[in-house]
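Note that the structure is a prediction, hence the values are computed from the model and not measured. The figures that follow rest on heavy atoms only: side chains count, while hydrogens, waters and symmetry mates do not.
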Amino acid sequence: MSAIIKKTVLAFAGIYALLTLLVAAVNWWLVDLNSGAAMGVLVASGIGAAGVFVKATGRQPDKGERHSLALLCTLVAYTVSIVLFLLVVWLMMSPAEWQVLREQLSEVSPLMAVAVMVVMGLIYYGVLRLTFGWLSRKCYTNKR
């Protein structure tokens with residue numbers, strides 16, 4: 001993996017984690033932003049990471065780089081989301097709330113959970129592929 005791919009994925013991870021925490025705080029204290037906020041976080045993080053790539057290289061990612069970036073950033077999005085979820089559970093949930101959550105999760109079919117994760121992963125990959133393609137092209141055009 002090239003240094004620029006690593007740098008771009010790390011930028012994505014930082015932006016994604018920060019924006020996810022911000023959305024969680026808004027959801028917790030102010031208003032429910034629904035699941036649409038998650039897609040906004042994904043797109044904004046992708047745009048920020050695409051900007052890092054374009055600024056560092058002076059060009060837009062090629063086809064192979066777009067694939068690598070979209071795939072790695074999808075995996076990073078899942079990882080960050082799981083880590084932040086576990087952090088919220090650990091820091092903010094009482095034992096009684098944790099027990100209720102465990103009971104609810106035990107009612108979910110593992111096959112259905114995997115199917116939903118695969119579909120969401122494909123959607124995330126597609127959005128990020130578009131972000132590192134078309135939107136990075138816009139960043140490159142604006143830079144020149």
- Task: Measure across Thr8 and Ala49 and return the closest heavy-atom pair with its distance rounded to 0.1 Å.
- Result: CG2-O, 3.3 Å
- Would you give the length of the straight line joining atom NZ of Lys7 to atom OG of Ser2, rounded to the nearest 0.5 angstrom? 11.5 Å
- Quick one: pull up CD1 in Ile123 and CG in Leu42 and give me the separation to the nearest 0.5 Å. 10.5 Å
- dist Ile82:CD1 -> Leu87:CG (nearest 0.5 Å) comes out at 13.5 Å
- Task: On the 0 to 90° scale, with breaks at 30° and 60°, tag the Tyr124-Tyr78 ring pair as parallel, tilted or perpendicular.
- Result: tilted
- Shortest non-hydrogen contact from Gly46 toward Thr131: C-CG2, 3.2 Å
- Note on the structure: So CG of Leu71 and CZ of Arg66: to nearest 0.5 Å the spacing works out to 14.5 Å
- Report yes if some heavy atom in the side chain of Gln60 is under 4.5 Å from a heavy atom in the side chain of Phe132; otherwise report no. no
- Closest approach of Ser45 and Leu19, non-hydrogen atoms and distance? OG-CD1, 3.9 Å
- Under the side-chain hydrogen bond (donor to acceptor under 3.5 Å, both in side chains) test, residues paired with Ser81 that sit two or more places apart: Tyr16
- Item | Over all atoms of both residues, closest heavy-atom pair of Thr74 and Gly121 | CG2-O, 3.8 Å
- Task: Compare every heavy atom of Val76 with every heavy atom of Ala13, then report the nearest pair and how far apart it is.
- Result: CB-CG1, 3.5 Å
- Item | Donor-acceptor pair, side chain of Glu107 and main chain of Gln104, under 3.5 angstrom | no
- In short, Ala56 meets Ile4 closest at the heavy-atom pair CB-CD1, 3.3 Å
